[in-house]
Amino acid sequence: MSLTADPPACTVPAAGGASTHKLVNGGADKLIFKIKSSNNNEYRITPVFGFIDPSGSKDIQITRTAGAPKEDKLVIHFANAPADATDAQAAFASVTPAGTVTIPMSATA
């Protein structure tokens, strides 16, 4: 089971901006994920929960509102998805994360 992010880091203007990243499932099992941010005041992530099919990918959107330049990070927790799961947010509560991927975020002036 493996999950990677492309690109592996995010740089956006401190005045606000957006970045799209692709989460890639390198394994043979369907994955479920949850994304946590170190700065929920200035960043919005879409989607926060989701599924990624075997050998598939999922685009995530990172949007930053205006604020002071600083370093933050996203941590993506992932696990094998329960076979009957259809609601990622509800199903994630029943799994134990098997790994994490960290995306460093930098807001530049």
Worksheet item: Taking the hydrophobic residues Ile, Leu, Val, Met, Phe, Trp and Tyr, and joining any pair whose side-chain heavy atoms are under 4.5 Å apart, which ones share a cluster with Y43?
Response: M1, L3, V12, L23, L31, F33, I35, I45, I52, I60, I62, L74, I76, F78, V101, I103, M105
Practice prompt. List the atom of F51, the atom of I32, and the distance in Å for their closest heavy-atom pair.
Written response: CE2-CD1, 3.8 Å
Discussion item. Between the side chains of D6 and K22, is the shortest nitrogen-to-carboxylate-oxygen separation below 4.0 Å, so that they form an ion pair?
Written reply: no
Worksheet item: At their closest point, which heavy atom of S94 faces which heavy atom of P82, and how far apart are they?
Response: OG-CG, 4.3 Å
Discussion item. Distance check, rounded to the nearest 0.5 Å: R44 atom CZ versus N39 atom CG?
Written reply: 8.5 Å
Practice prompt. Taking all heavy atoms of E71 and all of S106, pick out the closest pair and write down the distance.
Written response: OE2-OG, 3.0 Å
Worksheet item: Looking at residues at least two apart in the chain, or sitting in another chain, which of them share a side chain to side chain contact (heavy atoms under 4.5 Å, CB included) with P97?
Response: H77, F92
Discussion item. Tell me the closest heavy-atom pair linking A14 and R64, and the distance in Å.
Written reply: O-NH1, 3.1 Å
Fill in: Whether over 12 other heavy atoms sit under 6.0 Å from K70 NZ
yes
Worksheet item: Looking only at heavy atoms, which two atoms of A91 and A85 are closest? And how far apart?
Response: CB-CB, 3.6 Å
Discussion item. Please enumerate all residues that pass side chain to side chain contact (heavy atoms under 4.5 Å, CB included) together with T65, with sequence neighbours excluded.
Written reply: E42
Fill in: With D29 via side chain to side chain contact (heavy atoms under 4.5 Å, CB included) - residues at least two apart
N80
Item to complete: Find out whether H21 and P8 are in side-chain contact, i.e. whether some heavy atom of one side chain is under 4.5 Å from a heavy atom of the other.
Response: no
Item to complete: Please identify each residue that fulfils side-chain hydrogen bond (donor to acceptor under 3.5 Å, both in side chains) with S38, with sequence neighbours left out.
Response: D72
Practice prompt. Using only heavy-atom distances, determine whether the side chains of T20 and Q61 contain a donor-acceptor pair under 3.5 Å.
Written response: yes
Fill in: Residue list, side chain to side chain contact (heavy atoms under 4.5 Å, CB included) with A9, at least two apart or on another chain
P104
Practice prompt. Any chance you could measure T100, atom OG1, to K36, atom NZ, to the nearest 0.5 Å?
Written response: 10.5 Å
Worksheet item: When rounded to the nearest 0.5 angstrom, what is the spacing between CG in N25 and OG in S55?
Response: 6.5 Å
